[in-house]
Structures are given as C-alpha cells and as structure tokens.
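Down below is the structure, laid out as structure tokens.
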Amino acid sequence: MSDAGSDFSGEDGSQEDIMTPAELIAKLEETWLNERFSPELLENKSEMVECVMEQLMHMEENLQRVKKGDVKASIHRMEIDRIRFVLSSYLRSRLQKVEKFFPHVLEKEKSRSEGDPSFLSPEEFAFAKEYMANTETYLKAVALKHMPPNLQQVDMLKAVPEPCLDCFVFLRVKERQENILVEPETDDQREYVVDLDEGSQHLMRYRTIAPLVSSGAVQLI
Amino acid sequence: MDPSEVEFLAEKETVKIIPNFSLDKVYLIGGDLGPFNPGLPVSVPVWLALNLKQRQKCRIVPPEWMDADKLEEIRELERKEDTFTPIPSPHYMELTKLLLNHAADNIPKADEIRTLVKDIWDTRIAKLRLSADSFITQQEAHAKLDNLTLMEINTTRTFLLDSLKYMYKLRSNLQPGSGKSQDY
C-alpha cells in the first residue's frame, strides 16, 4: 500500500549520499540526541528535516485512501506519530537554544563567511531576528526609557550569557579517535591525551570534542 | 532528558512475538515488518509488540537474557566486581519494566525477574554514585564509562553535569586573568 521502501536522494543531489528512509530516520534520531545534549546550537539540518517531512506527508497521503479500522493503517499511524514526536522535539530544542542565546546566534550568523553553511535555517533566522527585536523593544518600553540617558543602552551580547562550551557531556564513539587532548582541571595536574575507541563511552568537556560531534565521529548521549 | 524519552528510545529495540493473526509484510518508513502468520514467531519493535499485546493479538517471547537464572548470575557478578559489568541489553531496565507491566503473563517467573533486575540496578547505581564522587574529589577531566546504559547515565546527568559546570565556574573565577567571567 505504500512504496516507502524506495530510495531517494538529498535535495541538491550532488554531494548528498543516497539514503534509505530507514537510514534517514536513524540519522534524525542521532541528530535529535546531539542537539538535545550539546550546550550550543548545532549546524542546521534543514535538508534532512525536509526529507523526513516529505516521507511523513507521503505516508499520510497513502493512509487517507485506506478505510478505517485497518490493522496496517494503525501500525503506520503509530510509526508516523513516533517520528513526528522526534522531529518536533528536535526542532523545539533548537528554538529553545535560539531563545536562550539569540544575540550570540545572530552574531555568529553575521560573522559567517560567504559560502559557509548557515547554522540557522531561514525560518530560524527570521525567528531569531524577530526575537531580538521584540526583546529590545520590550526592554526599552518597560525599563530603559525611564533610566537616565547615559544608561539607556544595553549590549545584548553582554547581557545574555554565552553557551557554556566548557560543560561536560556524555558521548559514545562511533569512529575511533586518537590523541584527544584532555585539559587539566587544576593547575597542579598535567594535560594528557586519550584514545577514544569505537563503541566506548566517555564523560568529558564539550569543547574538546565539539568538532567530532559535527563530523559525526561521536554521538552525544 | 526525561526518563520517558529514554523509554521511548528503548521501545525501538526488537522483541519476538507470536501473533495470532495473519498479515502481509508492512512497509514502515523505518524498515519492513512481517509477514505475520499465526503461531510463527516474528521480530517487531517493542512499541508495536506492546500495542498488539494490549489488543490481545499476540504473545510476547521474552528476550533471552530475561531469565531468572541468567539474571542471578549477572547479579552475583555485578556484586563481586568493583567496575560495571557488561549488561545483556543497553535498555535492560526499561525493557524489564515495559514487558513486565504489559505482558507479565508471557514471562515465566515475572516477580523473580523484577526483583533481580531491581537488585542489579541498585548495585550499579551505588557504583555510579561512588564513581561520580571520586570523579569530583579527584577533579578529573575525563572518565571512561563503558557498559553504562542510557537510563543509568540519565539518572545522574542533570545533577552531575550541573555540579561540574558550577565548580568549573567557581574555579575559573578564582584564578584572576584566566577566562573571562560570565556576565548576568
């Protein structure tokens, strides 16, 4: 009743690998967990989100043609609900981070060099800009305009805390990594290197392994 | 992360069921399932198994490790060793809870299994607390956590990570010139 088993390629089709829908869903779940556990906003995956949306719409269209009470249809519905939950939770946690770190997110977006992929999807970018404008207007209306003139400026970048990259995170290694430098906690300790074996789990600072999260070599848990 | 979300992840694990109905292959987005024939065991994700069970359409075959004798061995080993022993399923706690709550009639010695798994869990959590304590007192910057399950990590996540974060902040503010202080 559906052809969800068929392959599809990424939006631009050029550098994207061809993924099966099952791989796509696995990817979504990984991305979801990484986003949930990383202290900063990660790269946006709008392509993946669009592909998942397409799959869901496709399946829902198919389901409309099925009569009520069909056992298969109910199984498909349950699966759709599960995927939808992961997808919304993923997007929601991104928005929460945009709300929490909006000046820094926008600053990063501004300083991004031409041609680099954006960290925000176009919708998230619009949301962040609007959020910034609204917060500033609000601050002005309720407090700043009643202040002495020399105190009427507020620097959002200083007013809102930055993402804490020195936080610890839990992670599982997907591709073996050698010589990861661990910085000491106190001055009387010395720094040392560790090897991360495939499949092993670790607790360490996010800053050390942040590049590995975006390359997909480690999975936050 | 909410424990229910960890449970959600556990529901992706597969379990064998013996259906009492027949149905062709189902082509889900996440992979194909079936075909279902009465009396023939078939592997399905736990979320589907529980749903079919609730609608009295199948019998669940407990996973191999969910066996009183095997669990007793694991419990003894877990008590003997100081480190975390390898556990048969990365979601043993969630699966035990889910399957025992919804399909206790398909699992032999269900009560015994419940107690054993709880014992294993308690032993492991006690070890986890000890290691977290020494991690903090020795001010370590890296720890290897093999064999810990997601649920176990999750029970200590917020407390441990927040404590580490605040200890780091207090320390970096103590040393003048190192790192800029956070403005609030």
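Naming: A, B, ... by sequence-line order, numbering from 1 per chain. Just so we're clear, the structure is a prediction, and the values are computed from it rather than from any experiment.
Of the charged side-chain nitrogens involved, at least one lies within less than 4.0 Å of a carboxylate oxygen, so that B/K127 and B/E78 count as a salt-bridged pair. Using a 4.0 Å cut-off between charged side-chain N and carboxylate O, B/R79 and B/D119 make a salt bridge. Between A/D81 and A/R77 there is no salt bridge, since no side-chain N of the basic residue sits under 4.0 Å from a carboxylate O of the acidic one.
Using cut-offs of 30° and 60° on the angle between ring planes, the pair B/Y92 and B/W121 is tilted.
Within residues 84-111 of chain A, the residues approaching chain B closer than 4.5 Å by heavy atoms are, in numerical order, A/F85, A/V86, A/S89.
Taking A/R82, A/M204, A/Q201 one by one and counting their heavy-atom pairs under 4.5 Å with chain B, the maximum is reached by A/R82.
Both the backbone and the side chain of B/F8 come within contact range of chain A, judged by heavy atoms closer than 4.5 Å. Contacts between B/R157 and chain A at a heavy-atom distance below 4.5 Å involve backbone atoms as well as side-chain atoms. A/I25 touches chain B through its side chain: at least one heavy atom from C-beta onward sits under 4.5 Å away, while N, CA, C and O do not. Looking at B/L148, the atoms closer than 4.5 Å to chain A (heavy atoms on both sides) sit in the backbone and in the side chain alike. Looking at A/I180, there are no atoms closer than 4.5 Å to chain B (heavy atoms on both sides), in backbone or side chain. The contact between A/E29 and chain B is made entirely by side chain atoms (from C-beta outward), counting heavy-atom distances below 4.5 Å. In this structure, no portion of A/T208 lies under 4.5 Å from any heavy atom of chain B.
The ring of B/F21 has its center closer than 6.0 angstrom to the ring center of B/F36.
Tested against A/H202, the residues A/V218, A/L196, A/I209 include a single side-chain contact (heavy atoms from CB on, under 4.5 Å) partner, A/L196.
There is a side-chain donor-acceptor pair under 3.5 Å between A/D166 and B/Y168.
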